[in-house]
Amino acid sequence: MGGPKALVRLDGERLAVRAVRVLRAGGCDPVTVVLGAHAAEVESALRADGLPADVCTVVAHDWDEGMGASLRRGLHALSGLLPVPDAALVHLVDLPGITPEAIRRTARAGPGAADPRNGPGPDVLRRAAYDGTAGHPVLIGRHHWAGVAGSATGDAGARGYLAGHPDLELVECGDLAVPDDVDTPEQLRRLTGA
């Protein structure tokens, strides 16, 4: 992409600012953004472009190891909050087709979902699916954080932990969002129709 994906613009909005907006609109609070390469420059640009002041940013200093480093850093940051959240909803900056509705459905699916007071508990392990294929966002209950962090290496993120886990629930979101990655300028052009 020629630089950090967080700074890429889609329809005039940086991908990281867009992701935070979608998370918030989907009911997520608090929101923590994990930064990697050029963290100070990226944070400064994001703040200047509207990243809310109450959004916490943390740095994965070992970002060059891959997505696993960011996941570990994010879960570690959340474990330091008071109160510690029951679950973390993981969303990637390079998935601009994910909607607030997909965030909301993934976070609220399951028993008692009709009652908004019934948030996910610390044992939840849930993943959005698109036509039956697992994707993002992923909801990881606090009781799974250590296992996820322990297996999050390279660019696999939580994939190894989630694969075949008996507690994993897939939540169909294919009617709400498009799970396509934007990893190259060509993919970005296709998405914008340019």
Side-chain angles (χ1 to χ4, degrees), residues 1 3-8 15-16 18-20 22-23 26 28 30-39 42 46 55-81 84-99 102-103 105-107 109 120 122-174 177-184 187:
M1 297 296 273
K5 287 183 196 175
L7 298 182
V8 171
L15 289 181
R18 179 187 194 100
V20 168
V22 167
L23 286 165
C28 295
V31 173
T32 298
V33 174
V34 181
L35 304 172
H38 311 286
V42 171
L46 294 177
V55 170
C56 174
T57 60
V58 296
V59 178
H61 294 286
D62 51 351
W63 61 268
D64 57 343
E65 179 189 310
M67 179 179 4
S70 296
L71 180 57
R72 289 191 310 270
R73 182 64 183 105
L75 292 175
H76 178 75
L78 292 177
S79 68
L81 296 177
V84 177
D86 279 343
L89 190 130
V90 178
H91 177 44
L92 306 179
V93 71
D94 63 354
L95 299 171
I98 302 301
T99 63
I103 299 290
R105 183 180 286 172
T106 302
D123 294 317
V124 69
L125 196 57
R126 193 175 297 146
R127 188 170 195 176
Y130 301 88
D131 296 324
T133 301
H136 281 84
V138 179
L139 186 65
I140 304 169
R142 184 176 67 241
H143 292 165
H144 295 280
W145 291 359
V148 167
S151 68
T153 58
D155 274 329
R159 195 175 309 133
Y161 185 86
L162 298 172
H165 197 290
D167 295 336
L168 181 64
E169 174 189 359
L170 292 181
V171 178
E172 184 57 47
C173 293
V178 177
D180 298 344
D181 283 351
V182 176
D183 290 328
T184 66
Q187 290 171 327

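What you see is a predicted model, and the numbers here were worked out from it, not measured in a lab.
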Inter-residue atom distance K5.NZ - D181.CG, 0.5 Å rounding: 6.5 Å

Between the main-chain N or O of L35 and the side-chain N or O of W63, is there a donor-acceptor pair closer than 3.5 Å? no

Under 3.5 Å, side chain of R142 to main-chain N/O of A87, donor-acceptor pair present? no

Between P137 and L89, which heavy-atom pair has the shortest distance, and what is it? CB-CD2, 3.5 Å

For A102 against C173, the heavy-atom pair lying closest together: O-SG, 4.0 Å

Report the distance from atom CG of D86 to atom CG of L78, rounding to the nearest 0.5 Å. 12.0 Å

Answer yes or no: is there a side-chain heavy-atom contact under 4.5 Å between L168 and R127? yes

OG1 of T32 to CG of L75: how many Å apart, nearest 0.5 Å? 10.0 Å

Does the side chain of H144 come within less than 4.5 Å of V124's, by heavy atoms? no

What's the separation between atom CG in D167 and atom CZ in R126, rounded to the nearest 0.5 Å? 11.5 Å

Just so I know, are the side chains of Y161 and L71 near enough to count as touching, which here means a heavy-atom distance under 4.5 Å? no

Distance col, row T133:OG1 vs L170:CG, nearest 0.5 angstrom, shows 9.5 Å

Minimum heavy-atom separation for D131 to E172, with atom names? N-OE2, 2.8 Å

Could you pull out the closest heavy-atom pair between R18 and P96, with the gap in Å? NE-O, 3.4 Å

Heavy-atom side-chain proximity of H76 to V58 below 4.5 angstrom: no

In terms of heavy-atom contacts, V148 and A158 come closest through CG1-CB, 3.8 Å

How far apart are the C-alpha atoms of D94 and Q187, what are their side-chain angles, what is the distance that settles it, and do they pass the side-chain contact (heavy atoms from CB on, under 4.5 Å) test? CA-CA 10 Å; D94 63 354; Q187 290 171 327; over 6 Å; no

Might you confirm whether atom NE2 of H143 has over 12 heavy atoms from other residues, nucleotides or ligands at distances under 6.0 Å? yes

Euclidean distance, L125 CG relative to L139 CG, rounded to 0.5 Å: 8.0 Å

Would you indicate whether the side-chain heavy atoms of L95 and L15 approach each other to under 4.5 Å? no

Side chains of L162 and V138: does their closest heavy-atom pair fall under 4.5 Å? yes

Just wondering, do E65 and R72 contact through their side chains at under 4.5 Å, heavy atoms? yes

Which pair of non-hydrogen atoms, one from P4 and one from A37, has the smallest distance, and what is that distance? CG-O, 4.1 Å

Taking P30 as the fixed residue, which of V55, L23, L81 is the one that meets the side chain to side chain contact (heavy atoms under 4.5 Å, CB included) rule? L81

Can you list the steps and then say if V178 with T99 is a side-chain contact (heavy atoms from CB on, under 4.5 Å)? CA-CA 8 Å; V178 177; T99 63; over 6 Å; no

